[in-house]
Amino acid sequence: MITLGIETSCDETAAAILRDGAALSAVVSSHWLHTKYGGVVPELASRAHIKLLAPIIEQALSSAGIGIDELDAVAVTRGPGLIGALLVGISMAKAIAYARRIPVLGINHLEGHLWSATFAGDDLQPPFLALLVSGGHTMLVGVRAFGDYRLIGQTRDDAAGEAFDKVGVLCGLGYPAGAEVENQAQEGDASYHAFPVGMKGQKEYDFSFSGLKTAVANFSRKNPDAVEKHRKDVLACFQEAAVDSLVLPTIRAMEDFGYSTLVISGGVAANQRLRNRLNEEVGKRDGKFISPDIEYCTDNATMIAWAGWKRLQAGERDGLDMSGDANFPIPGLTKI
Ligand code: KG4
Ligand code: ZN
């Protein structure tokens with residue numbers, strides 16, 4: 001079974017070819033044009049997808065050595081995401097499905113992220129706990145089987161990546177700032193100032209980053225020299241508080257719900273400090289920590305093709321009337 005996956009939910013245009021569960025090719029193009037605006041401009045993202053998508057699909061097909069007539073199905077991100085951006089991918093997927101008379105499947109972007117570790121080559125058997133930390137989402141999901149998910153916790157305000165980006169931009173870095181915040185924080189003194197850890201002391205398993213973001217903004221307003229002279233220290237302190245706000249509820253959820261495996265995904269999963277802390281805490285509890293290579297953690301089309309292949313095996317397919325849904329809920333997700 002050969003599946004084409006298409007991902008256009010935000011500012012990455014991506015296509016991938018999968019033979020059964022194995023990746024034959026994957027192409028991703030990130031739109032750096034948003035940098036100068038300090039965030040993703042939806043209309044510009046849609047236009048970039050229109051320009052990039054066809055050549056990227058052609059490239060994915062040719063590096064897999066597959067002709068378009070050999071495709072058995074097309075899987076495409078249906079949501080969540082920017083509606084205009086989603087529609088570009090969905091229109092392309094439906095056109096290919098119609099022309100080739102093959103099934104089209106609308107996939108939830110977050111469900112793709114949850115399973116990233118499987119096609120990254122890790123031996124991942126449910127049940128496991130998944131921490132999804134990206135620029136748009138921060139959630140803790142108990143995965144019991146494909147299509148059977150429990151929402152254990154989520155952010156009450158900003159996503160973790162959004163907090164890294166906003167604080168980075170506030171400290172003079174370019175968007176997206178997450179990776180550069182980490183670079184600078186590595187050389188900073190994390191004991192310079194204590195920023196608040198969101199949701200500390202809660203009974204639930206939620207996350208919050210807006211208080212931390214405001215605290216950094218207030219600190220830099222009151223101490224304008226600090227950001228100039230101590231930028232690395234300020235960023236190290238921010239990163240420490242942000243990492244704590246992710247680690248504490250996650251480890252508590254592992255203990256309370258009896259999960260022995262933790263998987264991370266999403267762009268913020270690239271953060272080495274976060275990986276190290278989770279690895280340490282999970283190790284102390286004799287658990288297994290799985291952190292896929294970063295190319296599988298960030299937005300990609302392999303995860304979409306993989307989820308499409310799973311759904312197809314379960315006998316599912318969508319009609320050509322399938323459309324984008326900016327708030328598409330994860331199928332099979334229930335609250336604890
Ligand atoms: O999953 P992703 O590629 O896109 C979506 O948001 O869906 O995640 C991008 C986010 C951005 O906010 C970026 O700043 C953040 O991941 N990020 C990081 C790091 N690398 C990327 N945040 C913290 N540390 C990093 N090393
Ligand atoms: Zn994503």
Side-chain angles (χ1 to χ4, degrees), residues 5-14 16 26 28-32 34-35 37-40 42 45 49 76-82 85-86 89 107-116 120 130-139 141 155 158-171 173-188 207 209 212-213 235-236 238-247 263-278 291-304 306-307 326 328 330:
I6 296 176
E7 155 64 38
T8 64
S9 65
C10 190
D11 59 345
E12 260 99 21
T13 310
V28 182
S29 172
S30 299
H31 311 171
W32 293 106
H34 304 286
T35 303
Y37 302 103
V40 177
H49 288 307
V76 61
T77 305
R78 182 171 174 192
L82 303 168
L86 290 166
I107 300 301
N108 185 289
H109 178 89
L110 303 174
E111 185 176 40
H113 273 304
L114 291 180
W115 291 93
S116 297
L131 173 65
L132 171 52
V133 272
S134 73
H137 296 89
T138 301
M139 51 179 23
V141 177
T155 183
D158 295 344
E162 205 178 340
F164 272 86
D165 290 333
K166 286 183 178 162
V167 166
V169 170
L170 185 88
C171 293
L173 309 180
Y175 173 89
E180 189 51 25
V181 168
E182 177 175 14
N183 285 342
Q184 304 229 355
Q186 266 165 7
E187 294 167 20
F207 309 99
F209 297 95
L212 170 59
K213 187 185 65 187
L235 290 175
F238 157 76
Q239 177 173 268
E240 216 44 35
V243 166
D244 266 347
S245 347
L246 289 167
V247 172
V263 180
I264 50 167
S265 179
V268 182
N271 189 285
Q272 205 53 52
R273 179 72 184 140
L274 175 64
R275 286 182 181 231
N276 291 346
R277 282 288 311 283
L278 287 172
S291 50
D293 280 353
I294 194 57
E295 63 185 291
Y296 296 110
C297 285
T298 52
D299 286 352
N300 65 84
T302 313
M303 66 185 194
I304 304 303
W306 190 87
F328 189 36
I330 302 178

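Whatever order the structure lists them in is the order used to number ligands and atoms, beginning at 1. Each residue takes its place number in the sequence, starting with 1.
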*Considering only non-hydrogen protein atoms, determine which one is nearest to atom 17 (N) of ligand 1 and report residue, atom name and distance to 0.1 Å.*
Gly267 O, 3.6 Å
*Under 3.5 Å between some N or O of ligand 1 and some N or O of Pro176?*
no
*Please report which non-hydrogen protein atom sits nearest to atom 9 (C) of ligand 1, along with the residue it belongs to and the distance in Å to one decimal place.*
Gly135 N, 3.8 Å
*Aromatic rings His109 and His113: how do their planes relate, parallel, tilted or perpendicular, breaks at 30° and 60°?*
perpendicular
_Ser9 side chain reached by Leu82 side chain, heavy atoms, under 4.5 Å_ = no
*Do His137 and Pro80 have side chains that get closer than 4.5 Å, going by heavy atoms?*
yes
*Considering only heavy atoms from C-beta outward, does the side chain of Val141 approach that of Glu111 to under 4.5 Å?*
no
*Go around the Zn ion (ligand 2) and count every protein N, O or S atom nearer than 2.8 Å.*
3
_Nearest-option assignment for atom 12 (O) of ligand 1, heavy atoms, candidates Asp165, Asn271, Leu132, Val28_ = Asp165
*Measure the distances from the heavy atoms of Gly266 to every atom of ligand 1 and state whether one is below 4.0 angstrom.*
yes
*Output the list of atoms in ligand 1 that are nearer than 4.0 Å to some heavy atom of Thr298, sorted by atom number.*
3 (O)
*asked:* Ignoring hydrogens, what is the shortest heavy-atom contact between Thr8 and Thr13? Give both atom names and the distance.
replied: CG2-CG2, 4.4 Å
*asked:* Looking at every heavy atom in both Ala269 and Ile264, which two are closest together, and how far apart are they?
replied: CB-CD1, 3.6 Å
*So, does Asn108 use its side chain to make a donor-acceptor pair with the main chain of Leu110 at under 3.5 Å?*
yes
*Would you say Leu246 and Val133 make side-chain contact, with heavy atoms under 4.5 Å?*
yes
*Which atoms of ligand 1 are found less than 4.0 Å from any heavy atom of Gly136?*
6 (O)
*Just jot down the ligand 1 atoms closer than 4.0 angstrom to any heavy atom of Gly161, in number order.*
12 (O)
*How far is atom 7 (O) of ligand 1 from its nearest protein heavy atom, and which residue and atom is that?*
Asp299 OD2, 3.1 Å
*Derivation and outcome, ring pair (Phe, Tyr, Trp, His ring centres under 6.0 Å), residues Phe209 and Phe164*: CA-CA 9 Å; Phe209 297 95; Phe164 272 86; 8.1 Å; no
*Decide whether an N or O pair under 3.5 Å exists between Phe164 and ligand 1.*
no
_Can you report which non-hydrogen protein atom sits closest to atom 22 (N) of ligand 1, along with the distance?_
Gly178 CA, 3.5 Å
*Identify the protein heavy atom lying closest to atom 26 (N) of ligand 1, giving its residue, its atom name and the separation to 0.1 Å.*
Glu182 OE1, 2.7 Å
_Strictly below 4.0 Å, N to O, side chains only: are Arg273 and Glu240 in salt-bridge contact?_
yes
